Amino acid sequence: MKSILTDKWVLITGASSGFGAAAAIEFARRGARLLLGARRVDRLAALAEQASKEGSPQAVFHFLDVASTPSVNEYVEWVRSVTPRLDVLVNNAGGALGLDPVAEGKDSDWETMFQTNVLGVLRMVRAALSLMLPYPGGIIINIGSVAGRTAYEGGAAYCAAKAGELQITRALRLELCGTGLRVATIDPGMAETEFSLVRFKGDAKRAAQVYEGVQPLRAEDVAEAIVWVAERPPHVCIDEMVIKCTDQAAVYKVHRRTKG
Ligand code: NDP
Ligand code: 8X3
């Protein structure tokens, strides 16, 4: 498929699963070159192979832990060794841990959520920006959440982290105005990926309950939105996009079909 993205360099964090993996395939179908990052490199290896079959002329990967400044810097050094230019940066790595009320919150959960969803985005942009600035028309796409726009019980730290992502996006949009670089946030509602499995620390039953009776977003739905935003002509910036499944009108307003 001929696209403005053909032969462009696209970096995706959190590419080993969910939105990131699905986005890699969508970009590959448009002939984009892929730089994939996550901690589970075995999955990245399989994804890179699949992306090549789907049309990516170059799909490469490297270990990345966005919660660590040395890891982010080492990752971007590796990127530099592969390409002097970066056109699309998708800051997707992140997620939630736990659904505890604040009174019962765990430091380790809070710290991980801020390390990944907030500091991870800042670190990635700081490290990768010099690869993008010489190429106007590029875009930074941050993956936020409806949780960053509406609070819910048990979500204090995750909602705060994604609200942080939203404000980072807005600040960057202002900072980069005049450079020709675009900055966008895509904020999905409930989507069935490994998100809830991670949030509930491997409790598959509890994770499945989140989507019971609902037709949630699929990873592919969000991936298509990511690629659509990246594919707009260079003078068009989709600043903020909220995407929810039809069954979810608001964080709390979810239509569930009952069985039988
Ligand atoms: P998944 O759990 O399926 O994917 C999360 C990805 O993030 C994985 O590839 C994981 O890779 C990566 N990741 C997590 N921590 C790190 C880290 N420290 N360093 C590098 N990579 C990391 O969930 P989703 O695809 O749903 O989530 C993607 C993004 O979308 C997240 O930011 C999430 O908060 C957001 N989101 C999800 C929604 C949903 O309902 N699913 C709705 C709205 C937003 P690995 O473990 O291999 O490092
Ligand atoms: C994921 C969506 O509503 O579970 O960011 O927080 S929600």
Side-chain angles (χ1 to χ4, degrees), residues 5 10 12-15 17-24 26-27 88-96 99 113-114 116-118 120-122 124-125 139-177 181-196 198-199 207 210-233 235-256:
L5 295 168
V10 177
I12 304 173
T13 72
S17 167
F19 303 160
E26 280 301 314
F27 280 112
V88 181
L89 168 59
V90 183
N91 284 310
N92 163 74
L99 195 59
M113 286 188 272
F114 278 84
T116 53
N117 296 292
V118 182
V121 175
L122 292 171
M124 283 302 303
V125 173
I139 184 165
I140 298 168
I141 301 177
N142 297 328
I143 305 302
S145 169
V146 291
R149 296 170 178 268
T150 307
Y152 56 84
E153 293 105 315
Y158 181 63
C159 294
K162 287 304 195 189
E165 174 279 333
L166 179 60
Q167 297 307 336
I168 290 167
T169 303
R170 289 173 175 167
L172 274 172
R173 178 82 172 94
L174 297 168
E175 288 179 17
L176 296 178
C177 185
L181 290 184
R182 299 169 290 163
V183 187
T185 183
I186 297 180
D187 299 350
M190 63 199 306
E192 196 163 6
T193 60
E194 292 178 13
F195 175 84
S196 292
V198 172
R199 167 170 251 175
V210 173
Y211 312 107
E212 227 162 60
V214 177
Q215 186 174 353
L217 293 172
R218 302 162 307 143
E220 292 74 16
D221 300 321
V222 176
E224 281 171 15
I226 293 170
V227 171
W228 182 81
V229 166
E231 237 178 356
R232 293 311 88 210
H235 68 288
V236 177
C237 184
I238 309 296
D239 288 359
E240 300 182 14
M241 177 191 274
V242 175
I243 169 170
K244 300 196 265 52
C245 67
T246 307
D247 285 338
Q248 184 178 33
V251 166
Y252 273 107
K253 177 74 180 170
V254 178
H255 174 68
R256 291 185 195 270

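Computed over heavy atoms, backbone and side chain alike; hydrogens, waters and symmetry mates excluded. Every value quoted in this text rests on a predicted model; they were computed, and no experiment measured them.
Checking side-chain atoms of Arg182 against main-chain N and O of Val236 turns up a donor-acceptor pair under 3.5 Å. Distance alone, capped at 3.5 Å, is enough to place a donor-acceptor pair between the Asn117 side chain and the Met113 backbone. With hydrogens and angles disregarded, a donor-acceptor distance shorter than 3.5 Å links the side chain of Lys244 to the backbone of Ala249. Side-chain atoms of Asn92 come within 3.5 Å of backbone atoms of Thr13 as a donor-acceptor pair (strictly under, hydrogens ignored).
Taking the side chain as every heavy atom from C-beta outward, Gln248 and Val214 never approach each other to under 4.5 Å. Val254 places a side-chain heavy atom less than 4.5 Å from the side chain of Met190. Annotation: side chain of Thr169 is not in contact with side chain of Glu240 (no heavy-atom distance under 4.5 Å). Residues Leu181 and Leu172 fail the side-chain proximity criterion, which asks for heavy atoms closer than 4.5 Å. Looking at Pro188 and Ile143, their side chains come closer than 4.5 Å, going by heavy atoms from C-beta outward. Under the 4.5 Å side-chain criterion, counting only non-hydrogen atoms from C-beta, Glu192 is not in contact with Leu217. At a threshold of 4.5 Å between non-hydrogen side-chain atoms, the residues Phe19 and Val90 do not count as touching.
Expressed to the nearest 0.5 Å, how far CG of Asp221 lies from SG of Cys245 amounts to 9.5 Å. In this structure, Thr193 OG1 and Glu220 CD are separated by 10.5 Å, a value rounded to the nearest 0.5 Å. Distance check: Ile186 CD1 to Trp228 CH2 gives 9.0 Å after rounding to the nearest 0.5 Å. In this structure, Ile238 CD1 and Arg232 CZ are separated by 7.0 Å, a value rounded to the nearest 0.5 Å. Rounded to the nearest 0.5 angstrom, Ile141 CD1 and Asn91 CG are separated by 10.0 Å. Note that the CD atom of Glu165 and the CG atom of Leu122 stand 10.0 Å from one another [nearest 0.5 Å].
Across all non-hydrogen atoms, the minimal contact from Val210 to Arg256 is O-NH1, 3.0 Å. Across all non-hydrogen atoms, the minimal contact from Tyr211 to Ser196 is OH-OG, 2.8 Å. Scanning both residues, Ala23 and Ala223, for their nearest heavy atoms gives N-CB, 3.4 Å. Here the shortest heavy-atom pairing between Cys159 and Thr150 reads SG-O, 3.8 Å.
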Start with the C-alpha gap between Glu175 and Arg170, add the side-chain angles, then the distance that decides, and say whether salt bridge (charged side-chain N to carboxylate O under 4.0 Å, His left out) holds. CA-CA 9 Å; Glu175 288 179 17; Arg170 289 173 175 167; over 6 Å; no
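For an aromatic pair to be called close, the ring centres must be under 6.0 Å apart, and Phe114 with Tyr158 fails this.
Within a 6.0 Å radius of CD in Glu194, other residues, nucleotides and ligands contribute more than 12 heavy atoms.
No hydrogens or angles considered: nothing links the side chains of Asn142 and Thr185 as a donor-acceptor pair under 3.5 Å.
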